[in-house]
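Computed over heavy atoms, backbone and side chain alike; hydrogens, waters and symmetry mates excluded. None of the values given here were measured: they were computed from a predicted structure.
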Amino acid sequence: MSEETKIQDSVQESQQGLSQDELENIVTLKKGDIVTGTIVKVEDNQATVSLGYKYDGIIPLRELSSVQLDSANDAVKLGDELTLKVITIDDEKEKLLLSKKAVDAEKSWDSLQAQFEAGEVLEVTVADVVKGGLVVDVGVRGFIPASMVERHFVEDFKDYKGRTLKVKIKEIDRENNKIILSAKEVLEAEFEQNKQKVMDSLQVGQELEGTVQRLTPFGAFVDIGGVDGLVHVSEMSWQHVAHPKDVVSEGQAVRVKVLKLDPSVGKISLSIKAAQPGPWESVNGQFKTGDIVTGTVRRLVNFGAFVEIAPGVEGLVHVSQIAHRHVATPQEVLKEGQEVKAKILDFNPSEKRVSLSIKETEEAPEQAPRSERPARERSDRGGFKEKIDNPNVSLSNQSMSFNLGERFGDKLSKFKN
């Protein structure tokens, strides 16, 4: 025997032994009455109720709840005892329509008003997803606008139907049957409470695991245990990053290092690159003085060009080392993004310094031939004299003194006496 049959038989047994007149007088009804009955049958679009009246009443699907239902089974089941309101009664047609939602609403308004004034948190189940937000049943139809569902932007709410959310009443208007709720306000309060606990446990320099929550043009917000910290785009990689999406994606697990804490404003600055080996540590032993390497020009300055020879490792090509010819400014020869070959003149990873030369990788141009001039010799007095090829002629001071002494020496001796 089915449960529905048992309930109907129970109702019939309680009425046995009574005349038709007595049965009709057991319950008298009129529109607007509040009555109590038992569910004896549940169909998709309605539920049947025994009230002890001369015929059963019907609760249409639309009168079972303040929110839209797919089936009466979503609201009631066989054997439920309910308090209901009579909305239509026609004895001639044996038509008795009842409402559950009208009674629920009357009961709910007073309690909702009290909860609103006290700022209480309610637990609700999402009954439907509509344009602009979520619909919930709080005894009356409650609405959560899309902007008040989460702390962050949600593009699609299709997965929210059936979820249980914690909410606060933001607005209550009994005359217009209007209840506005906010889940975001509850989440914000929980977040701030948890954030303070997490911040108290953090230390600058600490490394920990996190999850990328959302991306912005200036960085990524990473969840590190219920609170978000910002990884600025400059702290995402040792290499240049144009946009955070080029390095990480939402939901990705990352290791970060705490750079700065500001409890007064609840700000946490994080770094992904600081939690990774630095580029100079990675290339230690990879290069040595004299190596020919290929790199990319990253920056041009007045005194030279910075060339990246490994991710995050840049060396300086001084303007004097760009070409064999005279170069006034690096822009005359190079441009940013250009790939070049360079020779390592000095490699010092401990000081994060590399000196490079581009001209040392190129063959020097041939020198123009010099015009022939008469050979000259430096004289004893610092001047120059032309060299005479005649072996019999000498114009040096020594040779002149020697020849004159030989020729006039005996004559000059007379004057000394």
Side-chain angles (χ1 to χ4, degrees), residues 121 147-155 163 165-166 168 182-287 296 298-299 306 308-315 347-354:
V121 175
S147 61
M148 297 185 185
V149 176
E150 297 284 357
R151 293 180 56 247
H152 57 271
F153 173 74
V154 178
E155 186 173 354
R163 284 194 192 182
L165 304 177
K166 291 181 180 180
K168 276 190 175 183
S182 172
K184 181 178 179 179
E185 184 172 332
V186 178
L187 293 172
E188 288 284 7
E190 292 177 347
F191 174 79
E192 290 301 326
Q193 185 178 9
N194 187 52
K195 184 174 186 177
Q196 191 58 49
K197 291 181 180 178
V198 174
M199 290 196 71
D200 290 342
S201 68
L202 292 176
Q203 293 181 344
V204 173
Q206 180 179 354
E207 292 187 13
L208 60 164
E209 299 296 326
T211 304
V212 178
Q213 292 298 305
R214 55 194 175 97
L215 303 178
T216 67
F218 55 83
F221 286 93
V222 177
D223 182 347
I224 51 172
V227 299
D228 292 345
L230 175 64
V231 179
H232 191 267
V233 65
S234 62
E235 292 294 332
M236 309 213 93
S237 173
W238 289 104
Q239 294 178 273
H240 172 71
V241 177
H243 193 284
K245 66 181 179 181
D246 298 333
V247 181
V248 295
S249 56
E250 291 183 2
Q252 180 180 340
V254 292
R255 188 163 184 83
V256 294
K257 186 174 185 177
V258 179
L259 296 183
K260 186 179 179 181
L261 294 169
D262 192 344
S264 62
V265 293
K267 184 178 179 181
I268 304 172
S269 297
L270 305 171
S271 174
I272 292 176
K273 76 177 186 181
Q276 302 171 343
W280 291 93
E281 289 81 1
S282 300
V283 299
N284 195 7
Q286 182 178 342
F287 301 110
T296 304
R298 293 303 182 193
R299 291 179 291 144
F306 287 95
E308 186 179 54
I309 61 173
V313 177
E314 293 182 358
F347 183 70
N348 192 335
S350 62
E351 296 183 9
K352 299 181 180 179
R353 187 181 72 243
V354 181

Between [atom1] on residue [X] and [atom2] on residue [Y], distance to nearest 0.5 Å:
{"X": "Ser350", "Y": "Arg353", "atom1": "OG", "atom2": "CZ", "result": "8.0 Å"}
{"X": "Lys245", "Y": "Glu250", "atom1": "NZ", "atom2": "CD", "result": "12.0 Å"}
{"X": "Met236", "Y": "Gln276", "atom1": "CE", "atom2": "CD", "result": "10.5 Å"}
{"X": "Ile224", "Y": "Arg255", "atom1": "CD1", "atom2": "CZ", "result": "12.0 Å"}
{"X": "Glu150", "Y": "Lys184", "atom1": "CD", "atom2": "NZ", "result": "10.0 Å"}
{"X": "Met199", "Y": "Ile268", "atom1": "CE", "atom2": "CD1", "result": "4.5 Å"}

What heavy-atom pair brings [X] and [Y] nearest, and what distance separates the two atoms?
{"X": "Lys168", "Y": "Val121", "result": "CE-CG2, 3.9 Å"}
{"X": "Trp280", "Y": "Pro349", "result": "CE3-CA, 3.8 Å"}
{"X": "Ser182", "Y": "Val186", "result": "O-CG2, 4.0 Å"}
{"X": "Val241", "Y": "Pro244", "result": "CG1-N, 4.2 Å"}
{"X": "Val204", "Y": "Lys260", "result": "CG2-CA, 4.3 Å"}
{"X": "Val256", "Y": "Ala275", "result": "C-CB, 3.9 Å"}

Has the side chain of [X] got a donor or acceptor atom that lies under 3.5 Å from a matching backbone atom of [Y]?
{"X": "Trp238", "Y": "Pro311", "value": "no"}
{"X": "Asn194", "Y": "Gly225", "value": "yes"}
{"X": "Glu308", "Y": "Gly312", "value": "yes"}

Which pairs with one or both residues in residues 210-226 pass salt bridge (Lys or Arg N to Asp or Glu O under 4.0 Å), sequence neighbours excluded?
none
Do you know which of Arg299, Arg298, Lys352 makes salt bridge (Lys or Arg N to Asp or Glu O under 4.0 Å) with Glu314?
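Running salt bridge (Lys or Arg N to Asp or Glu O under 4.0 Å) over Arg299, Arg298, Lys352 with Glu314 returns exactly one hit, Arg299.
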Distance-only donor-acceptor hits, side chain of residues 227-235, under 3.5 Å, sequence neighbours excluded:
| unit_1 | atom_1 | unit_2 | atom_2 | d |
| --- | --- | --- | --- | --- |
| His232 | ND1 | Ser234 | N | 3.1 |
| His232 | ND1 | Ser234 | OG | 2.9 |
| Glu235 | OE1 | Ser271 | OG | 2.6 |

Would you say that [X] contacts [Y] through its side chain, given a criterion of any heavy-atom pair below 4.5 Å between the two side chains?
{"X": "Gln203", "Y": "Val258", "answer": "no"}
{"X": "Leu202", "Y": "Leu208", "answer": "yes"}
{"X": "Glu188", "Y": "Arg151", "answer": "yes"}

Around Lys195, counting heavy atoms of other residues, nucleotides and ligands shown, do more than 12 lie under 6.0 Å from its NZ?
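Atom NZ in Lys195 is crowded, with more than 12 foreign heavy atoms closer than 6.0 Å.
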